[in-house]
Amino acid sequence: MCQNLQTNKRQSVTIDPSKQAGNRRRATENLNKRLRGAMGQVKALVDSIPVRLSVQNSLKANRNTYVWEMSPERQSQVDIRIRQIIDYWFQTQTPERPARWFFNTYI
């Protein structure tokens, strides 16, 4: 009897009673594609910001400090550009679309 309970437990884990595993997989792939695309563009934008390396040598440890050279105007431009990237990849630029609307096809 104990063996049957263990077998049933294992089987219940692998069973997909709602048959939604394919939809979940496709929705996850869709989301990951959007995240990778947005992340690549944001990373390129951040890499374009000038950075100055300041090295501090001491007896205890050497320490590197990175100083981002951004004016308040440049910071505002970067913020606007990141919002545009997110709007593009997640298509949230219009108020008619609810958040996570692209999952509707998988529900």
Side-chain angles (χ1 to χ4, degrees):
M1 172 138 175
C2 194
Q3 179 65 28
N4 287 340
L5 289 175
Q6 289 177 351
T7 304
N8 288 339
K9 275 187 180 178
R10 272 189 249 134
Q11 288 175 349
S12 66
V13 171
T14 59
I15 293 175
D16 182 17
S18 64
K19 307 291 187 226
Q20 293 300 307
N23 286 338
R24 284 193 312 270
R25 182 179 39 76
R26 285 188 296 279
T28 300
E29 288 171 2
N30 186 334
L31 178 62
N32 287 338
K33 179 184 86 169
R34 291 171 188 275
L35 286 171
R36 278 191 306 273
M39 188 171 26
Q41 287 186 334
V42 169
K43 212 171 172 183
L45 178 65
V46 170
D47 287 344
S48 72
I49 300 170
V51 178
R52 182 175 42 88
L53 174 63
S54 172
V55 179
Q56 298 173 351
N57 295 323
S58 67
L59 294 175
K60 290 183 179 181
N62 293 335
R63 197 169 115 187
N64 294 339
T65 304
Y66 296 91
V67 180
W68 297 89
E69 298 178 346
M70 280 188 14
S71 66
E73 294 81 22
R74 174 72 174 145
Q75 192 173 9
S76 177
Q77 291 171 349
V78 168
D79 181 57
I80 290 169
R81 183 64 187 128
I82 289 173
R83 290 174 192 272
Q84 289 172 343
I85 291 168
I86 291 170
D87 285 344
Y88 172 78
W89 282 99
F90 291 93
Q91 300 174 352
T92 56
Q93 64 272 21
T94 60
E96 296 87 38
R97 291 191 175 159
R100 299 176 302 279
W101 68 270
F102 46 85
F103 281 130
N104 289 345
T105 58
Y106 305 108
I107 297 175

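Because the structure is a prediction, the values reported are computed rather than measured.
- For Arg74, there are no salt bridge (charged side-chain N to carboxylate O under 4.0 Å, His left out) partners, not counting sequence neighbours.
- Evaluation of the salt bridge (charged side-chain N to carboxylate O under 4.0 Å, His left out) rule for Arg81 yields no partner, not counting sequence neighbours.
- Connection of Val51 to Leu53 is established within a shared hydrophobic cluster, with ILVMFWY side chains joined at heavy-atom distances below 4.5 Å, either directly or through further cluster members.
- Using a 4.5 Å heavy-atom cutoff, the side chains of Leu35 and Phe90 are in contact.
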* **Intermediate values then yes/no, side-chain hydrogen bond (donor to acceptor under 3.5 Å, both in side chains), Gln84 and Asp87** => CA-CA 5 Å; Gln84 289 172 343; Asp87 285 344; over 6 Å; no
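- With sequence neighbours excluded, the residues forming a side-chain contact (heavy atoms from CB on, under 4.5 Å) with Ala21 are Asp16, Arg24, listed by chain and number.
- Residues passing the side-chain hydrogen bond (donor to acceptor under 3.5 Å, both in side chains) test with Gln77, sequence neighbours excluded: none.
- Of the N and O atoms on the side chains of Glu29 and Asn32, not one donor lies less than 3.5 Å from an acceptor on the other residue.
- For residues 41-55, every residue pair satisfying the salt bridge (Lys or Arg N to Asp or Glu O under 4.0 Å) rule, not counting sequence neighbours, is listed here: Arg52-Glu69.
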* **Verdict with reasoning, Trp89 to Gln41, per side-chain hydrogen bond (donor to acceptor under 3.5 Å, both in side chains)** => CA-CA 10 Å; Trp89 282 99; Gln41 287 186 334; 3.0 Å; yes
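- Sequence neighbours left out, not one pair with a member in residues 30-41 passes salt bridge (Lys or Arg N to Asp or Glu O under 4.0 Å).
- Side-chain contact between Thr28 and Arg25: absent, with no pair of heavy atoms (C-beta onward) separated by less than 4.5 Å.
- For Ser71, the side-chain hydrogen bond (donor to acceptor under 3.5 Å, both in side chains) test picks out Glu73, with sequence neighbours left out.
- Partners of Asp79 by salt bridge (charged side-chain N to carboxylate O under 4.0 Å, His left out), not counting sequence neighbours, listed by chain and number: Arg83.
- The cluster map of Ile, Leu, Val, Met, Phe, Trp and Tyr, joined by side-chain heavy atoms under 4.5 Å apart, puts Val67 and Met70 in different clusters.
- Residues passing the side-chain contact (heavy atoms from CB on, under 4.5 Å) test with Ile82 are Val42, Leu45, Val78, Ile86, sequence neighbours excluded.
- Ile85 and Ile80 fall into different hydrophobic clusters, where Ile, Leu, Val, Met, Phe, Trp and Tyr residues are linked whenever their side-chain heavy atoms come under 4.5 Å apart, directly or through other members.
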